[in-house]
Amino acid sequence: MPERVGIEVSLAASEAVCAADADVIAAYPITPQTHIVEHLSELVADGKLDAEFVPVESEHSAMSVCIGSSAAGARTFTATSSQGLALMHELLFIAPALRTPIVMTVANRALSGPISIWNDHSDIMAERDVGWIQTFAENGQEVFDLIIHAFRVAEDPEVLLPIMVNLDGFTLSHVIEPIEMLSLEEVARYLKPYKPQMVLDPRHPITMGPVGVPEVYTEARQQIESVLCKSKKVITKAWTEFAKIYGRRYKPIETYRTRGAEVLLMTMGSVSETAMTAVDAMREKGIPVGLMRFRLWRPFPLEEFRRAVKGVKVLAVMDRAISYGAQGGPVCTEVRSALFGESDPPQVFGFVAGLGGRDITTDMFKEMVAKAMGYAKKGKGPLYEMIGVRER
Amino acid sequence: MAKVDAIIGWRNLAIGCAVTEPGSSRNLRTGDWRSQRPVTDREKCIKCGMCWIYCPDMAYSPLRSGYFKWDGNYCKGCGICAHECPKGAITMIMEED
C-alpha cells in the first residue's frame, strides 16, 4: 500500500488527475479552486503530465473547450467554483446531452451577493438539474479517490456522462491532510484508457449537438434521464471494485452510529466530521442520535436513503444553501419528497446553516438535534429555520 | 394512449442525439416556409454572381452558361440577393400557397 503523505487537498486533487493521465485540462482560476488548476499547469509544464493545458479566458470557455475535447475523444478535466460554475451554467446542460464524460471538481463556495469567497453549497445546489453525476467528498483522501472513481464511471460505455466531484472550499480544499497518493501505474489497474463511443473525427464525420426539433427533443432528454438513473449501478460497482484494489470502501450514503438512533442528522461534505464529533458528545449524554451523509447526490440514491432512515423517528436535515421562497433548503425538500408515500416516515425538520463561510460548530448540531426532537415531541415545528442567524 | 408525434424512439436514438450520417442535412428541405421568392430577369443579369456570393443559404449555384440557378428547397426568401443585385435583375414575388 502506498505511504500517506501530508499534502494540501487541492494539490492532491491535481495529483489524482495526473495519476488518471488526463489528456486535456481547460480551466480558469477562481478562489478557492485556484490551487487545483495552478498545480495542474505546473505538472503539465514540468512534463509530469502529458496533457494539453488550455488557459481559457472564462469558465464559459473552459466548459466549451472541455466539451469539444471530450467529444474528440480526450480524457478531459476542469475545476471551478461559485461564480465560475454559474458562468458555466448553459454549457453544463450540453455536456451530458452530448454524452461527454468530463470530470470536474467544484470547490464549493457561496454565490454572490453579497460577494463571498467562502464555503457553502449554494453554487452546486443551483446546478442540481443539469444532468451531471454529483458526488461530495468529506476529506482529502475521499477527494483523491472520488476523482479516480469519477473518470472510471464517466467513461463507462453504459454511462458516458460528466461528473462533478464536490469538495468544500477552504475548509477542505486548503487544508493539509495525510493522503495515500496512488501512482499512474496503480491507477492504471483500475482505470483503463478511454474508449469513446461517439467521436468527432474528420475521417468519419458525424454531427454532435444538432438541433432537437419538437419531434425528437423529448426522446433526447429521456435518454439522458434514463442513463443518469441507471448510472447508480455503475457508480456503486466502481466503488466496490475500488475497495477490492485499494481497500477503501465507499457507498452512496454513509452512516455513523445509526444503531438504535431515533434521530438522524443529515449532512453533506466536510462538515460531516464536525457532525460526527457532535454525535459522539450527544451519545455520551444518552441522546439516541446518529448521522447520515450523502456522498452521491445525483442520481439521488433513493433506495439507499429509504433503507437508511427505516425506523428512524426524526430527521434533522442540514442545508448549506437557501432555496429562496421554497419549503426548505434543497436537500431538505428533496428528502421530504423522497419520503412521500412511505409508511410511517420520520418527521423531517430542516436547518439552514453555515452560509458564506460561517463556522458550523458542534453546538450548532446539538441545537438542531434538540430543536428537531422538541418539534417532533410536539408534533409540530417549522418546515425549516436558519441556525446561527443574528436578529439584531 | 395519446398520439405521439416523435420521429424516433429514445432507445433507438444515437448516443448524445448525434447525427451519424454525414451530409444528411441535404435531405432536409429547409425553405418550405418561405413567403416570397426571387425571380431573376436574365435580360438584365450580367452574370456577376453577387446573388451567389451573398446568399446566406447557398441557394444559388453557378451554371455552365454563366447564369445562376436558384434552388427553392433551401431559399428562405430573405431578399438579400434582390437587394444586392447591381442591375436590379432580381424581383421578390409572393409565394402563392
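Scope of the values below: all heavy atoms of this structure, side chains included, with no hydrogens, waters or symmetry mates. Chain naming here is simple, since letters A, B, ... match the order of the sequence lines and numbering starts at 1 in each.
Between the side chain of A:Gln223 and the backbone N or O of B:Ala14, at least one donor-acceptor pair lies under 3.5 Å.
Between A:Ile206 and B:Glu21, every side-chain heavy-atom pair lies at or beyond the 4.5 Å cut-off.
When all heavy atoms are compared, the tightest approach of A:Glu215 to B:Asp5 is CG-O, 3.1 Å. The minimum heavy-atom distance between B:Pro22 and A:Pro205, with the atom names listed, is CG-O, 3.2 Å. Among all heavy-atom pairs drawn from A:Glu219 and B:Ala6, the shortest one is OE2-CB, 3.2 Å.
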*With side chain to side chain contact (heavy atoms under 4.5 Å, CB included) as the test, would you mind laying out the steps for B:Val19 and A:Met208 before giving the verdict?*
CA-CA 7 Å; B:Val19 178; A:Met208 290 174 80; over 6 Å; no

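Within 6.0 Å of CG in B:Asp32 there are more than 12 heavy atoms belonging to other residues, nucleotides or ligands. Other residues, nucleotides and ligands contribute at most 12 non-hydrogen atoms within 6.0 Å of the CD atom of A:Glu158. Around CZ of B:Arg29, the count of heavy atoms belonging to other residues, nucleotides or ligands within 6.0 Å does not exceed 12. B:Glu84 CD: more than 12 foreign heavy atoms inside a 6.0 Å radius. The environment of NZ in A:Lys233 is sparse: at most 12 heavy-atom neighbours from other residues, nucleotides or ligands sit within 6.0 Å. In the displayed structure, B:Trp10 atom CH2 is contacted under 6.0 Å by more than 12 heavy atoms of other residues, nucleotides or ligands.
At a 4.5 Å heavy-atom cutoff, the contact between A:Ala220 and chain B is made by backbone and side-chain atoms alike. For A:Leu160, the part sitting under 4.5 Å from any heavy atom of chain B is the side chain, from C-beta outward, and nothing else.
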